[in-house]
There are 2 protein chains.
Amino acid sequence: MDRRPVTLEEVARVAGVSRATVSRVVNGVATVDRELRQVVEKAISTTGYVPNRAARSLVTRRAGAIGLVLPDEDRTVHDPYFGRVVSGVLPVIRPLGVQLVLTASHEQVVDDIRQGRLDGVILIHTHDADPLPRLLTRANLPVVLAARPGKPVPITYVDVDQAAGAALAVDHLVARGARRLATVTGPLERTPGQDRLRGFREAVARHGLPEPAVVHGDFTREGGAAAARGLPADVDGLFVASDLMASGVLPVLRQRGLRVPQDVRVVGFDDSPPALECDPPLTTVRQPVEDMAAEMVRLLVERVERPDRPTSSVVFDPTLVVRESA
Amino acid sequence: MDRRPVTLEEVARVAGVSRATVSRVVNGVATVDRELRQVVEKAISTTGYVPNRAARSLVTRRAGAIGLVLPDEDRTVHDPYFGRVVSGVLPVIRPLGVQLVLTASHEQVVDDIRQGRLDGVILIHTHDADPLPRLLTRANLPVVLAARPGKPVPITYVDVDQAAGAALAVDHLVARGARRLATVTGPLERTPGQDRLRGFREAVARHGLPEPAVVHGDFTREGGAAAARGLPADVDGLFVASDLMASGVLPVLRQRGLRVPQDVRVVGFDDSPPALECDPPLTTVRQPVEDMAAEMVRLLVERVERPDRPTSSVVFDPTLVVRESA
DNA sequence: CTGAAAGCGCTTACAG
DNA sequence: CTGAAAGCGCTTACAG
């Protein structure tokens, strides 16, 4: 039942070659003689051989695994963003034979890399005050951020042009006739929150509109609902900095007797699943999270292979998805 | 910059002891002499030693990692259930020093275990036709299912008493005066879908109520919306087999001019985040997914340590969470 | 209680 | 193109 797994040694014996040759066949080294290769392949399949990863890792010094690091508070697993990142990462990681390890412990991350359990990490939902990005870059450990870093550290990151996205929202609201604008912001200790607010303000100013109302939110549904209660009554164009918050904003607007989009037009940000569950369906700024996640993996793998290469960043363009709320 | 990591060997040299002794200290073997232990601990901290996991895995034959296996279609990462499982698993896995590996490739799973990359796996969202559970159990590989298996295979699983949960919903609807009941089911090729429907039917019969309307859903929001359109107009009590579906059902009900709860009372299932985003907030049957996930990890770890032990199952009790929809 | 030594299962220069 | 051999960094009987 619990018989020992087949080793390279046994395959070599069956095939009548050396372990080195079997290893070469397994790893697809091109120089192996055709006939020999076939003999070995046959031996592999008859023995049911499967290489032991720990042994390989020990000599190659590669874990064959990357980490997806969440903030310590576990609420973020419920954020739709998380699922989108995962579904963007999985398909690109798979053909590479790399594992995706989920962790919520920032404390563990450095050790996990040092122990050789992780080749590198992707950090999502980082706060400006988070020491981890700097820690990792200082130690020259492979890391990719899912947004512009809060402090100017040389680090590889992927982002969407957040400010441009906010401008897209404003332009649309204005085009639809809105003049008294307001925004529900994201958390301002994170760069996406900051950049969306900045982009919003700049666009409003560019249109020569009066100073907009700004109410603070935190990227959660409840935060959105709370913020909505603090909105001035005469707003006719609202930019909510995330769809999840918007799903909390809309019922409050309805309670306050405001019809969407007739009385107030609303644009969200993300184009995540909650946008569709909104009533009415939410017009929103789309960020291509799945593509961004795939790019993060590529950049990370690149950094794992060449840690000395300079850091870089990739910024995606947002697009507007028009539905019924604006 | 890229200096070689510190090894046991070096720590031993610094401490003036053998590698074996350092290893014992690192692994907390109690028999080490107090003074020696202190010398070694000091050497560990001055050298900044961190054990290499691959080397350890190679001899212990333990990956120190378990897999969370999603179905191949990636839609399920957007299901709120997924996030709840992750947030239940993470805290219990952490003190154990075990990694959580996410995978959506059923094909890979068996190999990953054989390669020693995974000590065992937790399977979620399995369909009755899914060959993986049987495959794994046959090979005597450690596996835990997140629900009763569709076919009677000897397998370890955790479940909530789905039928009892549905009965809770029916009892509540009836207590609130509903008499013309209906249900939107989950996918019937999965046991939770089957069991919730069975429990619903049995409870309706127990109350002596007429044959209820049964409309098929698939645990998605869109599926819920579609199902809602097929509901008879005179229903006054509706059991929707998941909160996510309910969030799709409610807007359709509203469109059809039905007020909730005045015209039709609605009870969901799960008590997941979408229940709160519903308008009105959803009365629902709570399944303690986080606790269930924690239990799955415990059972899995147990099986990894003693694969020959008989399989077992743990069934949690559902509870009713009353909000405004019923 | 401690150490010398074997061994886990691979990969990879190095010869030939 | 192939093989003998060293070595990756640990753990763990086995002596003493």
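In what follows, chains are A, B, ... by sequence order, proteins preceding strands, each numbered from 1. All values below come from the heavy atoms of this structure, side chains included, with hydrogens, waters and symmetry mates left out.
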Please list, one pair per line, the donor and acceptor atoms closer than 3.5 Å that link side chains of residues 39-46 of chain A to other protein atoms, with sequence neighbours excluded.
from    : atom 1 : to      : atom 2 : distance (Å)
A:Ser45 : OG     : A:Lys42 : O      : 3.1
A:Thr46 : OG1    : A:Lys42 : O      : 3.4
A:Thr46 : OG1    : A:Ala43 : O      : 3.2

Query raised in the report: So which of residues 10-28 of chain A are in contact with DNA chain D, with a heavy-atom cut-off of under 4.0 Å?
Result: A:Val17, A:Ser18, A:Arg19, A:Ala20, A:Thr21, A:Arg24
Report task. Under the side chain to side chain contact (heavy atoms under 4.5 Å, CB included) rule, collect the residues that match up with B:Thr47, sequence neighbours excluded. Result -> B:Val6, B:Val11, B:Val14, B:Tyr49
Query raised in the report: Is a side-chain N or O of B:Thr156 found less than 3.5 angstrom from the main chain of B:Ser312, in a donor-acceptor match?
Result: yes
Report summary line: Residues at least two apart in sequence or cross-chain that pass salt bridge (Lys or Arg N to Asp or Glu O under 4.0 Å) with B:Arg19, listed by chain then number, are B:Glu9
Query raised in the report: Counting distance only, does the side-chain N/O of A:Asp119 pair as donor-acceptor with the main-chain N or O of A:Gly64 below 3.5 Å?
Result: yes
Query raised in the report: Do any of residues 31-50 of chain B sit with a heavy atom less than 4.0 Å from DNA chain C, and if so which?
Result: B:Thr31, B:Val32, B:Asp33, B:Leu36
Give every donor-acceptor pair under 3.5 Å between a side-chain atom in residues 92-101 of chain A and any protein atom, sequence neighbours left out.
from    : atom 1 : to       : atom 2 : distance (Å)
A:Arg94 : NE     : B:Ser105 : OG     : 3.4
A:Arg94 : NH2    : B:Ser105 : OG     : 3.2
A:Arg94 : NH2    : B:Glu107 : OE1    : 3.4

Query - All side chain to side chain donor-acceptor pair (under 3.5 Å) counterparts of A:Asp33, not counting sequence neighbours - result: none
Query raised in the report: In what stems does DNA chain C take part, counting only runs of at least 3 consecutive Watson-Crick or G-U pairs whose two distances fall under 3.5 Å?
Result: C:1-3 with D:14-16, C:5-12 with D:5-12, C:14-16 with D:1-3
Query raised in the report: Taking 5' to 3' order, which nucleotide of DNA chain D is first and which is last to have an atom within less than 4.0 Å of a heavy atom in chain B?
Result: D:dG9 to D:dA13
Query raised in the report: Who are the side chain to side chain donor-acceptor pair (under 3.5 Å) partners of B:Thr21, not counting sequence neighbours?
Result: B:Ser18
Query raised in the report: Can you pull the ring pair (Phe, Tyr, Trp, His ring centres under 6.0 Å) pairs that have at least one residue in residues 80-137 of chain B, sequence neighbours excluded?
Result: A:Phe82-B:Phe82, B:Tyr81-B:His125
Query raised in the report: Can you name the residues that form a side chain to side chain donor-acceptor pair (under 3.5 Å) with A:Arg117, not counting sequence neighbours?
Result: none
